[in-house]
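Remember, it's 1-based here, ligands and their atoms both numbered in the order they're listed.
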Amino acid sequence: MSDKTDTTYDIVVFGATSFVGQILTKYLLKTYGTGKDLKWAIGGRSESKLQTLKSDLGKDGSELPVIVADASDESALKALCDQTRVVISTVGPYALYGEPLVKVCAETGTDYCDLTGEVQWIRKMVDKYEDTAKSSGARIVHSCGFDSIPSDMGVWFLQQQAEQTFGKPCRDVRMRVKAAKGEFSGGTVASLVNAVKEAAADPALRKEMANPFSICPEGHRSEVRQPNIKGAQHDKELDVWLAPFVMSAINNRIVHRSNALQDARYGKEFTYDEAMIVGRGLQGRLTAYGVTAALGGFVTASAFKPSRWVVEKFVPKPGEGPSPEVQEAGYYDLRFVGKTEDGKTIKTKVVGDRDPGYGSTSKMLGEAGACLAFDMADKPGGFWTPSSLMDGKLFDRLTSKAGLTFEVLETS
Ligand SMILES: NC(=O)c1ccc[n+]([C@@H]2O[C@H](COP(=O)([O-])OP(=O)(O)OC[C@H]3O[C@@H](n4cnc5c(N)ncnc54)[C@H](OP(=O)(O)O)[C@@H]3O)[C@@H](O)[C@H]2O)c1
C-alpha cells in the first residue's frame, strides 16, 4: 500500500477547467470548503484559465491553490503528484491525453481516479502499469462517473442484498434504464468519436472491444455466453420494448472486472447486460427501432472521415455542455433484476438526483476521490474498479453526499 502521508494536498483536481471539472470544483468547494478537512488544489494546463475559474468561484474559491501542468509533460506531472496523495483527472479524451498521468501516478504511489469510458485505453493502461502500481501502492480507479459507478455499485448492492436474503448471489443480472434526463457535453462526444475512430482503424482492437471480458485479468474470461442487446427487442417479462444502451459497452466490462477482482464473488457463471426501456406497444416498438438506428448512424458517421466532420460540427464542442438548469432538472432511474440459478428473484433500483453525465457524475467522482483519500488506508495498490476497491465506504458516500439512492423493490 502507498505510504504517501506527508503531502501538501489530499487531492488535486487535474483538468479543473474542463466542463465537468468546473462542476466538480464547485461541488468540492461547497461540500468540503478549502484547506479544512479536505486539503485540495486545482490543476490544469493553463494558468490564466485556472485563475479565471478561481475568480468565477468568488470569495470561497480565492483560497484554492493552483498547479500548472501539461498532460504531456511528465516532469510537471511528477511535481504535481509529489504534492498530493490523490489525483482526480477530467482531462480527456483519455486515450489521447491520459497516459502520462497514469504512468506517473503508478510510479509515485499516487492514488488516481477518472471518468474514462474508453475500454481500449483501460486495457492498455492495465497492461502497461499494473505491476508498477502494485509495487508503488498506487490505487488506480477508472470510470468513476455515470459510467460506471451506478452500474457497478448497483450490481454490488443487488448481490449484497441477494446474499443476505437468499444466502447466495444472483447468477444473472439485468440492468434496465427506466428513465434518464440530461445532455451530452463536447468532451464526452469527443471521447466517443475517438473510440469509434480507433476501433474502425484496427480490426484486432474491434474484436477485443467486443469481448465483454476485455478488461478482466488473464484467466478470468468466462466461457458463459453473455446477453447483448444490439437492436430493438421486446421484453416479454416486463411487456416493454428495449433499445441498446450506449454506456453498456463500458459498464458491463467494469462489472465483469469487479467480479473477477473479487474472486468471482458473483459466480463463474455470472451474466450481465444493460438496455434502455423505451415504451410499450406500437409507440415503444417504433422508438426502440428509432434509437437503434440513431445509435448505428452515430457510430457509422464517427467511423469514417468524410462523415465524421458532420458529427463534430453539430454536437457540442469540447468545453461545452448542459446548462446548470438542465443539470438540476436531470435525473436517472435504473432498475436491476437479479435471478439465482434456482429461480429466486430480486428487483432493485438506483436513482441519481442530477443529470447523469455532469451533475451526478461530478458528485460521484468527487466522492470517489475523497474515498481514496480518507477511507482506503489498508487497501493495496493496483488497477481496481469502484466497487471492488471502495465497496461499502463508497456506498456510504454516494448515499449520504452524492444524491444516489439504492433500494430493494421486491424479492420472490
Ligand atoms: N464517465 C462519465 O460519466 C463522464 C461524464 C462526463 C465526462 N466524461 C469524460 O470526461 C472527460 C472530460 O469531459 P468534459 O466534457 O469536461 O471535457 P472538456 O470540457 O472538453 O475538457 C477537456 C479538458 O482537458 C484539458 N486538456 C486538454 N489537453 C490538455 C493538455 N495537454 N494538458 C492539460 N489539460 C488538457 C482541457 O484543458 P483547458 O481547459 O485548458 O482547455 C480541458 O480542461 C471526457 O473524456 C469525457 O468523455 C465522462
Taking distance alone, with no angle check, do Thr116 and ligand 1 share an N/O pair under 3.5 Å?
no

Are more than 12 heavy atoms from other residues, nucleotides or ligands located less than 6.0 Å from atom CG of Asp239?
yes

Could you say whether the N/O atoms of Ala71 and ligand 1 ever approach to under 3.5 Å?
yes

Pair Trp121 and His142, ring centroids less than 6.0 Å apart
yes

Between Asp147 and ligand 1, does any nitrogen or oxygen pair lie at a separation below 3.5 Å?
yes

Considering both backbone and side-chain atoms of Gly357, is one of its nitrogen or oxygen atoms within less than 3.5 Å of a nitrogen or oxygen in ligand 1?
no

Looking only at distances, can you tell me whether any N or O atom of Phe146, backbone or side chain, sits closer than 3.5 Å to an N or O atom of ligand 1?
yes

Do ligand 1 and Tyr97 have nitrogen or oxygen atoms that lie under 3.5 Å from each other?
no

Atom of Ser258, atom of Thr385 and distance for their closest heavy-atom approach:
OG-OG1, 2.7 Å

Out of Trp156, Phe395, Phe336, which residue meets the ring-ring contact (aromatic ring centres under 6.0 Å, His included) rule with Phe406?
Phe395

Nearest 0.5 Å, please: how far is CZ in Arg171 from CD in Gln159?
12.0 Å

Enclosure of Lys39 NZ (heavy-atom neighbours >12, cutoff 6.0 Å)
yes

Intermediate values then yes/no, salt bridge (Lys or Arg N to Asp or Glu O under 4.0 Å), Asp111 and Arg139:
CA-CA 5 Å; Asp111 293 339; Arg139 291 157 290 216; 2.8 Å; yes

Does Gly44, backbone or side chain, put an N or O under 3.5 Å from an N or O of ligand 1?
no

May I ask you to list the atoms of ligand 1 that are less than 4.0 angstrom from any heavy atom of Thr90?
11 (C), 12 (C)

N/O separation below 3.5 Å, Glu118 to ligand 1
no

With heavy atoms and a 4.0 Å threshold, my read on which part of Thr361 contacts ligand 1 is side chain

Are any of the N/O atoms on Thr17, whether in the backbone or the side chain, positioned under 3.5 angstrom from an N/O atom of ligand 1?
yes

Got a sec: does the CZ of Arg123 have more than 12 other heavy atoms crowding it under 6.0 Å?
yes

N/O separation below 3.5 Å, Leu115 to ligand 1
yes

Parallel, tilted or perpendicular, judged at 30° and 60°: which one describes the rings of Phe270 and His256?
perpendicular

Enumerate the atoms of ligand 1 whose separation from the nearest heavy atom of Gly145 is less than 4.0 angstrom.
3 (O)

A student checking ligand 1 against Asp70 at a 4.0 Å heavy-atom cut-off should list atoms 30 (C), 31 (N), 32 (N)

